[in-house]
Trainee: 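Pasting a structure here, questions to come.
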Amino acid sequence: MKDLYLMRHGETLFNQRRKIQGWCDSPLTEKGIEQAQKAGELLKDIHFDHCYSSTSERCYDTLELVTHQPYQRLKGIKERYFGVFEGESEDLNPPVDKYDDFFPIYGGETRLQVMERMVTTLKDIMEQDACQTVLAVSHAGACRCFLSHLGQPEQLLNGQKLGNCSILHFHYDQGQFTFVEMLNI
């Protein structure tokens, strides 16, 4: 059995300012840096065979604060694309259950599109013989889309929010992911 630790990046300026942050980027805040350092302390006794990051700066900056191991940046684990709403106020967001009815009209991705690329990318990683224990830093929306292939994220997380630097732990065996727990800093 293999282990995947899928982590959300630290708090960013856009998180703080309540901006829609899909494929656009903003830097980590001081709080985000502290969150990443705390996550590093939480994970310090786990030996990761390989580490991966979304191509977004906020993710690889987080990963570099969590561990000093080499890593690879992957487009397949980046955030959902929100089309013309990238960088706009979160006040424009519809309810989460309406995202698929709203964002694709404006050039954004559906939950299914994000879920499929996340599942494909993470399975490809975990199928490698050298990957027994993996850390991947991604985004809240992308992580929730990934979780949705296992069931309702709200139920799997027992209603808890996927906060900055939250870590989702999965087992991987025979092509299947099993959700184990969420670690919060």
Side-chain angles (χ1 to χ4, degrees), residues 1-12 21-23 25 27-28 32-81 109 111-151 153 156-158 160-185:
M1 187 170 319
K2 299 180 177 191
D3 288 289
L4 169 67
Y5 292 83
L6 181 61
M7 180 177 168
R8 182 184 179 195
H9 60 79
E11 181 191 72
T12 67
Q21 184 176 224
W23 287 7
D25 214 351
L28 295 177
I33 291 168
E34 291 172 11
Q35 290 168 330
Q37 290 167 336
K38 286 179 184 175
E41 279 298 308
L42 183 66
L43 298 172
K44 71 180 180 187
D45 294 329
I46 300 171
H47 171 72
F48 295 106
D49 302 307
H50 292 278
C51 297
Y52 298 88
S53 169
S54 158
T55 53
S56 298
E57 182 178 346
R58 61 193 184 264
C59 289
Y60 57 81
D61 283 352
T62 298
L63 182 57
E64 289 172 5
L65 291 164
V66 170
T67 182
H68 298 291
Q69 289 184 233
Y71 64 92
Q72 184 178 350
R73 297 176 192 170
L74 299 173
K75 290 181 181 181
I77 60 172
K78 67 183 182 178
E79 182 59 289
R80 181 183 202 147
Y81 182 58
E109 289 183 290
R111 179 196 57 79
L112 184 60
Q113 288 171 314
V114 179
M115 180 191 74
E116 286 176 349
R117 75 171 155 78
M118 288 286 291
V119 170
T120 298
T121 302
L122 293 170
K123 275 188 175 185
D124 287 348
I125 289 168
M126 299 309 292
E127 284 296 321
Q128 297 173 43
D129 289 336
C131 291
Q132 296 296 314
T133 305
V134 171
L135 174 62
V137 179
S138 187
H139 310 265
C143 289
R144 289 179 63 80
C145 288
F146 178 73
L147 261 179
S148 71
H149 93 281
L150 299 174
L156 292 168
L157 299 176
N158 293 319
Q160 294 183 74
K161 182 181 175 196
L162 187 63
N164 293 102
C165 286
S166 291
I167 304 156
L168 302 174
H169 179 198
F170 300 90
H171 288 311
Y172 184 77
D173 191 33
Q174 298 181 3
Q176 298 295 318
F177 288 97
T178 305
F179 178 64
V180 178
E181 64 183 333
M182 180 167 67
L183 307 169
N184 287 310
I185 54 158

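Please read these numbers as outputs of a predicted model, since none were measured by experiment.
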Trainee: Quick one: which residue pairs count as a salt bridge (Lys or Arg N to Asp or Glu O under 4.0 Å) with a foot in residues 43-66, not counting sequence neighbours?
Mentor: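 Applying salt bridge (Lys or Arg N to Asp or Glu O under 4.0 Å) to every pair that reaches into residues 43-66, excluding sequence neighbours, yields D25-R58, E41-K44.
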Trainee: Report the C-alpha separation of F48 and T67 in whole Å, then their side-chain angles, then the decisive distance to 0.1 Å, and conclude whether the side-chain contact (heavy atoms from CB on, under 4.5 Å) test is met.
Mentor: CA-CA 9 Å; F48 295 106; T67 182; 5.5 Å; no
Trainee: Starting from the C-alpha separation in whole Å, work towards a yes-or-no answer on side-chain contact (heavy atoms from CB on, under 4.5 Å) for Y71 and V137.
Mentor: CA-CA 10 Å; Y71 64 92; V137 179; over 6 Å; no
Trainee: Identify, with sequence neighbours excluded, every residue that meets salt bridge (Lys or Arg N to Asp or Glu O under 4.0 Å) alongside R144.
Mentor: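 Checked R144 against salt bridge (Lys or Arg N to Asp or Glu O under 4.0 Å); matches are E154.
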Trainee: Scan residues 116-144 for pairs that pass ring pair (Phe, Tyr, Trp, His ring centres under 6.0 Å), counting only residues two or more places apart or in two chains.
Mentor: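 Qualifying pairs: H9-H139.
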Trainee: Any non-hydrogen side-chain atom of T62 less than 4.5 Å from a side-chain atom of N164?
Mentor: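 They are not in contact (no side-chain heavy atoms under 4.5 Å apart), so the answer is no.
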Trainee: Working note: E11 + E34, criterion side-chain contact (heavy atoms from CB on, under 4.5 Å); need CA distance, chi angles, decisive distance, verdict.
Mentor: CA-CA 9 Å; E11 181 191 72; E34 291 172 11; over 6 Å; no
Trainee: Measure the CG-CG distance between L6 and L122 for me, rounded to the nearest 0.5 Å.
Mentor: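 These two atoms lie 6.0 Å from each other.
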Trainee: Among all residues two or more places apart in sequence or in another chain, which pass the side chain to side chain donor-acceptor pair (under 3.5 Å) test with T12?
Mentor: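 Listed in chain order: N15, Q21, S26.
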Trainee: Can you run down the side-chain hydrogen bond (donor to acceptor under 3.5 Å, both in side chains) pairs that involve residues 117-131, sequence neighbours left out, and say none if there aren't any?
Mentor: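 Residue pairs passing side-chain hydrogen bond (donor to acceptor under 3.5 Å, both in side chains), neighbours aside: E109-R117, E127-Y172.
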Trainee: After noting the C-alpha distance and the side-chain angles of Q132 and D3, does the key distance pass the side-chain contact (heavy atoms from CB on, under 4.5 Å) rule?
Mentor: CA-CA 6 Å; Q132 296 296 314; D3 288 289; over 6 Å; no
Trainee: Just by distance, do the side chain of E79 and the backbone of G141 share a donor-acceptor pair under 3.5 Å?
Mentor: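 Yes; at least one donor-acceptor contact below 3.5 Å.
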Trainee: Please list every donor-acceptor pair under 3.5 Å in which a side-chain atom of residues 178-185 meets a protein atom from a residue at least two apart or in another chain.
Mentor:
residue	atom	partner	partner atom	Å
N184	OD1	S166	OG	2.7
N184	ND2	Q160	OE1	3.3

Trainee: Minimum heavy-atom separation for S54 and C59, please, with both atom names.
Mentor: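 Nearest pair, atom of S54 first, then C59: CB-SG, 3.6 Å.
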Trainee: Give a yes or no on whether the backbone of C143 and the side-chain of S138 come within a donor-acceptor separation of less than 3.5 Å.
Mentor: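 A pair under 3.5 Å: no.
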Trainee: So do L28 and L65 actually touch side chain to side chain, heavy atoms under 4.5 Å?
Mentor: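 When only atoms from C-beta onward are counted, L28 and L65 do touch, with a gap below 4.5 Å.
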Trainee: Got a sec, which residues hit ring pair (Phe, Tyr, Trp, His ring centres under 6.0 Å) with H171, two or more places apart in sequence or on another chain?
Mentor: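 Per chain and number, H171 pairs via ring pair (Phe, Tyr, Trp, His ring centres under 6.0 Å) with H169.
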Trainee: Looking at K38, I'd like to know if its NZ atom is crowded, meaning that more than 12 non-hydrogen atoms belonging to other residues, nucleotides or ligands lie closer than 6.0 Å.
Mentor: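 Count not over threshold, so no.
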Trainee: Hey, are the side chains of K2 and V134 touching, using non-hydrogen atoms and a 4.5 Å cut-off?
Mentor: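 They are not in side-chain contact.
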Trainee: What residues, two or more places apart in sequence or in another chain, satisfy salt bridge (Lys or Arg N to Asp or Glu O under 4.0 Å) together with R8?
Mentor: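 Residues passing salt bridge (Lys or Arg N to Asp or Glu O under 4.0 Å) with R8: none at all.
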Trainee: Flag the pair L4 / F177 as yes when at least one side-chain heavy-atom distance between them is below 4.5 Å, and no otherwise.
Mentor: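 SC-SC contact between L4 and F177 confirmed.
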Trainee: Partners of Y52 by ring pair (Phe, Tyr, Trp, His ring centres under 6.0 Å), sequence neighbours excluded?
Mentor: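 Result, ring pair (Phe, Tyr, Trp, His ring centres under 6.0 Å) vs Y52: none returned.
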Trainee: Given side chains that start at C-beta, do those of M126 and F170 come closer than 4.5 Å, heavy atoms only?
Mentor: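 M126 vs F170: side chains apart.
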Trainee: Identify, with sequence neighbours excluded, every residue that meets side-chain contact (heavy atoms from CB on, under 4.5 Å) alongside L112.
Mentor: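 If we apply the side-chain contact (heavy atoms from CB on, under 4.5 Å) test to L112, skipping adjacent residues, the hits are T110, M115, E116.
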Trainee: Any pair with a residue in residues 65-78 that passes salt bridge (Lys or Arg N to Asp or Glu O under 4.0 Å), sequence neighbours left out, goes on the list, sorted by first then second residue, please.
Mentor: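 Residue pairs with at least one partner in residues 65-78: there are none.
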Trainee: Under 4.5 Å between any side-chain heavy atoms of L162 and L168, yes or no?
Mentor: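 Answer yes - side chains close enough.
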